[in-house]
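So you know, we letter chains A, B, ... as the sequences are listed, proteins then strands, and number each from 1. These values consider heavy atoms only, across backbone and side chains, with no hydrogens, waters or symmetry-generated copies.
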Amino acid sequence: MSTSLHYCLELAVQNQARKIHMRSSQIQHICGLSSFYCELITSHPRYQPSGERGNPPLPWPLVRTGFQDPVLSNRVQYVLKHDRGGMMIRVRFAPSPTGYLHVGGARTALFNWLFARHNHGTFILRIEDTDKERSTDESIEEILESMRWLGLDWDEYYRQTDRTDAHLLAAQDLMDRGLVYESDGAWWFRVPTEGNTIVHDDLLGDVTFPNDLLKDFVIRRSDGSFIYHFVVVVDDADMEVTHVIRGDDHLNNTPKHVLLFEALGRTVPRFVHLPMILGSDRTRLSKRHGDTATLEYRDRGFLPEAMVNFLARLGWSHGDAEVFDRASLVELFSIDEVNKSGAIFEDTKLMWLNQQHMKLADLDRLLGLVRPMVLELNRVTAQMWDAVDPGHLRTGAHLFRDRCKTLRDLASAMELLFPVPLIPEDEFRVNATQAPLMMSVANALALTKPFTPEDIEQDVRAALEANQATLKDVALVSRLAVTGRKAGPGLFESFACVGRELVVERLRDAAQSVLE
RNA sequence: GUCCCCAUCAUCUAGCGGCCUAGGAUACCGGGUUUUCAUCCCGGCGGCAGGGGUUCAAAUCCCCUUGGGGACGCCA
């Protein structure tokens, strides 16, 4: 297998990063290389147990030396030829700005980004805006915003329309060399009528396309503008893209691209065609499936790291692990662990992941994200928010986040910490025996000091005992009166977090309505 | 229609010939913990699309069938 050496070296480097030193016999076992080359790898200074993270990725120069050796097997030669030893990895994400960035596109962007970051390579963002009819600046902004939200930072940025000169030059070159002809005003690329074009795909393996099935195709319209297939190749070549990672809806276009790379005399990049993300009806994701815009998920209260985690797990996996932060994703990501079959986008697991990441998140950051959402509910004002002790807010966020799937849930839960009328989730009535009990509890709490869960519990129980009552008699109504909810964090913790003033007031109000 | 890709629980997946009576996660259903809810813990439900080979041995390799997806533009 051509990927064996590749796999072996990647594994070796991963293990090196984890400070696990693979012995040459293990490497030999994995990739079947002769012990001579395995020794060569392991004796290289870069491949040492003491190696730090962030070292240049592979001991390629050494392996290249072995290329001279006639005993090296064909498959190793193949790998060496295509991996272009030591070359900096460059990948690109190339969306067309004809609408929002949907989650499928976001996943493609993420895989490119992870691949680049994992390999200390370069991540290029290239806007394919050659379709003047459908491209809009708003779309570009939305795409950039989506990527910023997900934290997919790019190292280089291009707009395809800025590269017309380069396209012209390349096209003219093909024309001059007779590889392109003009007909009806358009420029056609001549496809060989015989032979096969093979696409070397790092995920799918080699895919063969008979050339006679490919027809000559237009690279330049009669109005002088260029066709996607042409510009994508010229751009990838000029930008020295080493790996084209994209959706497998492009697989059938790839032989055209390979032919163009060859015609232009440029190096053909490696390809990785990712399986598509499907909607619940198993068809390719589209607007019709609703909620496919990446930013929708931000607005619905998902954490970007949860989204990234979820998207990464759609097609990629690492053993049984489920929850990944950004850093471990970068560290662990590998094309070898990408799945070949398409995945359905279903957000139940995203909900759970979001909850996991909310539990992991810094409380102050959480509050910063939740604040605008609370204000959006139009009951709590910015002044009210700022007037509440940050410690209370933190406690609230801490108490409620275990019970929330999204930041929206958290926002609505946190409303009860503010002096606004509660909207009880269930109608409740305080009865004649409960009212005086609640009043005495309220009176006791008015004097509780400090207002901590422990002291609150003590005083509440004492007040109830004095009236020959138990907590059970008033727990539910009190909870409803103070929090508006039937369920929630521990009663005393809830009280402490709501604060003395509001608790006493809400208890008295509830009791009062009956006593009158 | 032609070409291409894919195929393990409802969903995301592990599995690269023996460790598989197929493992994990979500969802769902029980139980425990909790004054409640959630978290957490324990348990349950549930799958190798079908048929042929190859092999001592197949979820795993090969072929066929079926199913799903995608591509067949002077769109990207």
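Nucleic acid contact for A/His273: none, since no nucleic acid atom lies under 4.0 Å from a heavy atom of the residue. Residue contacts for A/Lys472: at a heavy-atom cut-off of 4.0 Å it reaches no nucleic acid atom on any strand shown. Among the protein residues, A/Arg485 comes within range of no part of the nucleic acid, since none of its heavy atoms lies under 4.0 Å from any strand. Residue A/Ser135 is classed as having no contact, given no heavy-atom separation below 4.0 Å to the nucleic acid. Among the heavy atoms of the strands lying under 4.0 Å from A/Asn339 are primed sugar atoms or P, OP1, OP2 only; no base atom is included. A/Phe209 comes within 4.0 angstrom of sugar-phosphate atoms only, judged by non-hydrogen atoms across all strands, and of no base. Heavy atoms of A/Thr130 sit under 4.0 angstrom from primed sugar atoms or phosphate atoms, though from no base atom. A/Glu346 comes within 4.0 angstrom of sugar-phosphate atoms only, judged by non-hydrogen atoms across all strands, and of no base. Counting non-hydrogen atoms under 4.0 angstrom, A/Leu491 reaches a base of the nucleic acid.
Within the 4.0 Å cut-off from OP1 or OP2 of B/rA14, at least one side-chain nitrogen or oxygen of A/Ser317 is found. Phosphate proximity of B/rA76 to A/Arg221: present, with a side-chain N or O under 4.0 Å from OP1 or OP2. Phosphate proximity of B/rG67 to A/Arg282: absent, as no side-chain N or O sits under 4.0 Å from OP1 or OP2. For the OP1/OP2 pair of B/rU35 and a distance below 4.0 Å, the side-chain nitrogens and oxygens of A/Arg479 include no atom meeting the criterion. Within the 4.0 Å cut-off from OP1 or OP2 of B/rA38, not a single side-chain nitrogen or oxygen of A/Lys359 is found.
Rounded to whole Å, the separation between the C1' atoms of B/rA22 and B/rA14 comes to 10 Å. When the C1' atom is used for both B/rA7 and B/rA57, the distance is 24 Å, rounded to whole Å. For the P atoms, the distance linking B/rG51 with B/rC56 amounts to 22 Å, nearest Å. One C1' atom belongs to B/rG32, the other to B/rG68, and the distance between them is 43 Å to the nearest Å. For B/rA27 and B/rU65, the P atoms lie 41 Å apart once the distance is rounded to whole Å. B/rU36 and B/rG46: their P atoms are spaced 31 Å apart (whole Å).
Judged purely by distance below 3.5 Å, without hydrogens or angles, the side chains of A/Arg221 and A/Ser225 pair a donor atom with an acceptor atom. A/Asp131 and A/Thr98 are not linked by any side-chain donor-acceptor pair at a separation below 3.5 angstrom, with hydrogens and angles left out of the test. Using modelled atom types, one finds no donor on one side chain facing an acceptor on the other under 3.5 Å when comparing A/Tyr158 with A/Gln160.
In this structure, A/His250 has its ring center at least 6.0 angstrom away from the ring center of A/His273.
Side-chain N/O atoms of A/Asp320 and base N/O atoms of B/rG23 include a donor-acceptor pair closer than 3.5 Å.
Considering only heavy atoms from C-beta on, A/Val370 stays 4.5 Å or farther from A/Arg408 through its side chain.
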